[in-house]
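So you know, we letter chains A, B, ... as the sequences are listed, proteins then strands, and number each from 1. Keep in mind that the numbers below use all heavy atoms, side chains included, and drop hydrogens, waters and symmetry copies. In this text the structure is predicted, and so the values were computed from the model without any measurement.
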Protein chains: 2
Amino acid sequence: MKIDPKSKADLSAQIAKAIRDSIISGDMDVDERLPSESELSEQFDVSRPTVREALKRLAAQNLIRTQRGATGGAFVRRLSYEEAYANHITTSTLLLSMNAVDFETACEARFALERACAPLSAQRRTPDQLATMRAEIHRQTQPGLSDESFCDSDVAFHRALVDGADNPVLSYQLAGAVEAMQPLMNMITFTQRNRDMIVGLHTRIADAIETHTAELADTALAELTSYTLELGQQAMAARAAKAPD
Amino acid sequence: MKIDPKSKADLSAQIAKAIRDSIISGDMDVDERLPSESELSEQFDVSRPTVREALKRLAAQNLIRTQRGATGGAFVRRLSYEEAYANHITTSTLLLSMNAVDFETACEARFALERACAPLSAQRRTPDQLATMRAEIHRQTQPGLSDESFCDSDVAFHRALVDGADNPVLSYQLAGAVEAMQPLMNMITFTQRNRDMIVGLHTRIADAIETHTAELADTALAELTSYTLELGQQAMAARAAKAPD
DNA sequence: CAATTTTCATTTGTCTGACATTTATTGTTT
DNA sequence: AAACAATAAATGTCAGACAAATGAAAATTG
């Protein structure tokens, strides 16, 4: 592990990269202990604060954890599914908002991916997941439900659908598309008629998932896609009319 | 922006969280300048090294960039698609390898998602993307190609397919599944017969994409799914026989 | 001898203060 | 007016210190 003195990057960034590479390459095993901060500062020939900055960078990426005390130190961390999942959603959301992805694009991606899950979900869904879907549908019919809560419930419904596929890789990738769309969905105002329509489609999806008929789920999802797209375009149009740039 | 003195977490972690929240919430705009390190250390009532550790955490997450000099400082950074994309792949790969996702699960997810893209790609692919697919197919027929290069080309082919859908959100989410599978694919030894079979299926996919016939692309992808699964299971079996645990 | 307590060494967490480096601005000189 | 030099502000780096946590070894005690 050596660093390039010619590089103009920060020392802490270079050191972080060197250590990161040796973790990612599999050179270091999970729970293996890194040299202590003092040892690292000797090895890289920098001061301890610089080493610490490098380690904090790695900690921010969940690549290491640190522990105080005699047998403490920095340890290679097993990347937990839950953390990666949460991070993925944050990043996806940021990416959508900062780069101004339009509603159509996000919506299209979301439903395309969900339709990929539906057949698997129809095969494998547990009674539990089905019950969750039913419960969320019921929640969506509650009078006086705010638009935001309606959206929350919508996401919960679709997450149950996706999780029904019983494939963590799918759930992970889908989460980025489904959850990241929530801010965009929140710009829609749902009338009672809109909600009835959506609840109807959700019910058809749940029915199809219950009876293991992938085709019905797919057609209902297709209809939901175009309906959501429609609602989104209306919302965008209303927004544009109100605040023209 | 205040921090909780009761929390037992590191100060730098708390401070990073506080700043991160105000960036993610949209409280701060892109390219807006954060207070200087000295100002932050006063605001949070900690020392400058502690503030710096917090800032390095944020820098590691690509949330800020720093600039030296008189008008320098830390600025909120626009999360670039390319960076997020690269990070997403790294994380997905790590997640797969560290959490030992089995070949079947990863493979199923990958092809389910690709099949979701195929109809869109059949509609929208550019001549360029089609040419890329053809070129990669040609590369896959080259004699003497290493297994690793074959896998590389395979990924490039499928990336072109996915990009053909012309939906960055899809491309982003797909990348996590397609590229992260490469280490698993690399464990397969491809015989000439295997390669012929795969090239044949790739050709059928490219033909379908060229003639805008989504159905044919779907059936070819379905066949490729089961064939890949088969190859994977063989490879895993061979591996298990050689090095029994 | 066994169990408990104390001491101790190690390691991360934090602070203070300093100097180096970069860079836009301001002032000076030609 | 243009070129150059001084200045100030900000990040980058360093050195050294102390605090706090923590496991292990040593000492004490029943």
Discussion item. So, using side chain to side chain donor-acceptor pair (under 3.5 Å) as the criterion, who are the partners of A:Gln129 when residues are at least two apart?
Written reply: A:Thr126
Worksheet item: Quick one: side chain to side chain donor-acceptor pair (under 3.5 Å) partners of B:Arg33, sequence neighbours excluded?
Response: none
Item to complete: Check side chain to side chain contact (heavy atoms under 4.5 Å, CB included) between B:Ala235 and all other residues, then give those that pass, not counting sequence neighbours.
Response: B:Ile188
Response to the item:
Sorted by chain and residue number, the side chain to side chain donor-acceptor pair (under 3.5 Å) partners of A:Arg125 (sequence neighbours excluded) come out as none
Worksheet entry | Residue pairs involving residues 66-89 of chain B (criterion salt bridge (Lys or Arg N to Asp or Glu O under 4.0 Å); sequence neighbours excluded) | B:Arg77-B:Glu83
Worksheet item: Could you run down nucleotides 4-12 of chain D 5' to 3' and tag each one B, S or - for protein heavy-atom contact under 4.0 Å?
Response: -----BSBB
Item to complete: To the nearest Å, give me how far apart CZ (B:Phe44) and C1' (C:dC15) are.
Response: 18 Å
Fill in: Interatomic distance, A:Glu42 CD vs C:dT10 P [rounded to whole Å]
14 Å
